[in-house]
Asker: 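Would you mind keeping the following structure in view while I ask a few things?
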Amino acid sequence: MRRMAAVLAVLCLACSLFLLGCGTTSDGTVIFEETVSPNEQYVSSEADVVYYTVRVTQAAPGTATVSAESNSGFFELVSYEVACDGELSADDVSVEWTTLMGNPEPSENDQIAVAVVSVRTGGGTTDERKISFVTGVLEMVAEATPGA
């Protein structure tokens with residue numbers, strides 16, 4: 001029984017590594033990645049910690065892919081492409097994290113909820129977009145509120 005459990009564990013690890021490798025090659029080179037937690041300071045259990053990640057990848061010069069993900073059940077993956085001049089570097093990307101109320105400094109009652117992603121596309125232009133990590137929650141509240 002222990003041997004079978006060990007074999008299953010090894011198989012699961014091998015499959016995980018294979019799938020992780022597949023995701024990396026199909027998405028291109030990671031140019032920029034940043035992860036934050038809006039609630040890490042305010043929860044007592046590691047299981048309750050929420051993470052938000054913004055990642056910029058580039059498979060070929062001229063196009064970058066911006067994606068956002070979270071371990072929150074309320075967040076749906078976001079991904080969009082940005083046309084750019086040539087290859088990007090980490091210096092071409094910035095993320096400003098703000099609360100739902102637009103504050104750059106979060107608090108327990110006003111936690112990080114939005115990433116403003118800026119990608120310098122070349123020629124002095126920048127693609128700037130907001131990604132809300134709480135849209136799903138807001139939609140659920142609106143649906144549950146009578147007359148909303």
Side-chain angles (χ1 to χ4, degrees), residues 5-84 87-122 125-148:
V7 169
L8 286 174
V10 169
L11 284 174
C12 287
L13 179 61
C15 288
S16 297
L17 292 173
F18 175 75
L19 291 174
L20 180 65
C22 288
T24 303
T25 55
S26 65
D27 294 338
T29 303
V30 175
I31 304 300
F32 176 92
E33 182 173 298
E34 189 169 287
T35 300
V36 300
S37 173
N39 69 342
E40 189 170 29
Q41 300 173 12
Y42 312 115
V43 296
S44 57
S45 169
E46 179 68 30
D48 295 331
V49 176
V50 172
Y51 295 102
Y52 302 152
T53 299
V54 171
R55 182 179 303 111
V56 178
T57 58
Q58 192 168 28
T63 303
T65 302
V66 176
S67 59
E69 58 190 47
S70 173
N71 63 334
S72 169
F74 300 109
F75 182 73
E76 292 184 28
L77 297 176
V78 172
S79 182
Y80 60 90
E81 291 189 348
V82 176
C84 55
E87 292 186 21
L88 295 176
S89 72
D91 294 336
D92 295 318
V93 181
S94 66
V95 177
E96 179 184 337
W97 298 94
T98 64
T99 67
L100 193 57
M101 301 305 290
N103 296 319
E105 294 298 322
S107 66
E108 187 171 3
N109 296 324
D110 189 21
Q111 297 176 8
I112 292 172
V114 176
V116 180
V117 182
S118 300
V119 179
R120 197 169 343 157
T121 57
T125 61
T126 301
D127 181 280
E128 183 175 287
R129 301 189 201 187
K130 290 183 179 181
I131 299 173
S132 172
F133 285 86
V134 295
T135 301
V137 173
L138 297 176
E139 290 171 354
M140 288 177 63
V141 170
E143 290 173 5
T145 306

Asker: Looking only at heavy atoms, what is the nearest atom pair of Y80 and R129, with distance?
Answerer: CD1-NH1, 3.1 Å
Asker: Any side-chain heavy atom of N39 sitting closer than 4.5 Å to one from V49?
Answerer: yes
Asker: For A83 and T121, work out which heavy atoms get closest and say how close.
Answerer: O-CG2, 3.2 Å
Asker: Look up atom OG1 in T57 and atom CZ in F32, then write down how far apart they are to the nearest 0.5 Å.
Answerer: 13.0 Å
Asker: Report yes if the side chains of S67 and L77 come closer than 4.5 Å at any heavy-atom pair, otherwise no.
Answerer: no
Asker: With heavy-atom distances below 4.5 Å as the criterion, would you say the side chains of Q41 and P106 are in contact?
Answerer: no
Asker: Using every non-hydrogen atom in the two residues, find where T63 and C84 come nearest and quote the distance to one decimal.
Answerer: N-SG, 3.8 Å
Asker: First locate atom OH of Y52, then atom OG1 of T35, and finally report the distance between them rounded to the nearest 0.5 Å.
Answerer: 12.5 Å
Asker: Hey, could you give me the CZ/CD distance between F133 and E76, rounded to the nearest 0.5 Å?
Answerer: 13.0 Å
Asker: Can you tell me how far the CG atom of D92 sits from the CD atom of E87, to the nearest 0.5 Å?
Answerer: 11.0 Å
Asker: Identify the heavy atoms of Y51 and E46 that sit nearest to each other, and give their distance.
Answerer: OH-OE2, 3.2 Å
Asker: With rounding to the nearest 0.5 Å, note down the distance linking OG1 in T99 to CG in N109.
Answerer: 11.0 Å
Asker: Do Q58 and T29 have side-chain N/O donor and acceptor atoms under 3.5 Å apart?
Answerer: no
Asker: Report the distance from atom CG of D110 to atom CE of M101, rounding to the nearest 0.5 Å.
Answerer: 6.5 Å
Asker: So which atom in V50 and which in S72 form the shortest heavy-atom distance, rounded to 0.1 Å?
Answerer: CG1-CB, 4.0 Å
Asker: Just to verify, what does E33 make a salt bridge (charged side-chain N to carboxylate O under 4.0 Å, His left out) with, not counting sequence neighbours?
Answerer: R55
Asker: Check whether T126 reaches the backbone of R120 with its side chain - one donor and one acceptor, N or O, closer than 3.5 Å.
Answerer: no
Asker: Please list, chain by chain and in numerical order, all residues satisfying side chain to side chain donor-acceptor pair (under 3.5 Å) with E40, sequence neighbours excluded.
Answerer: none
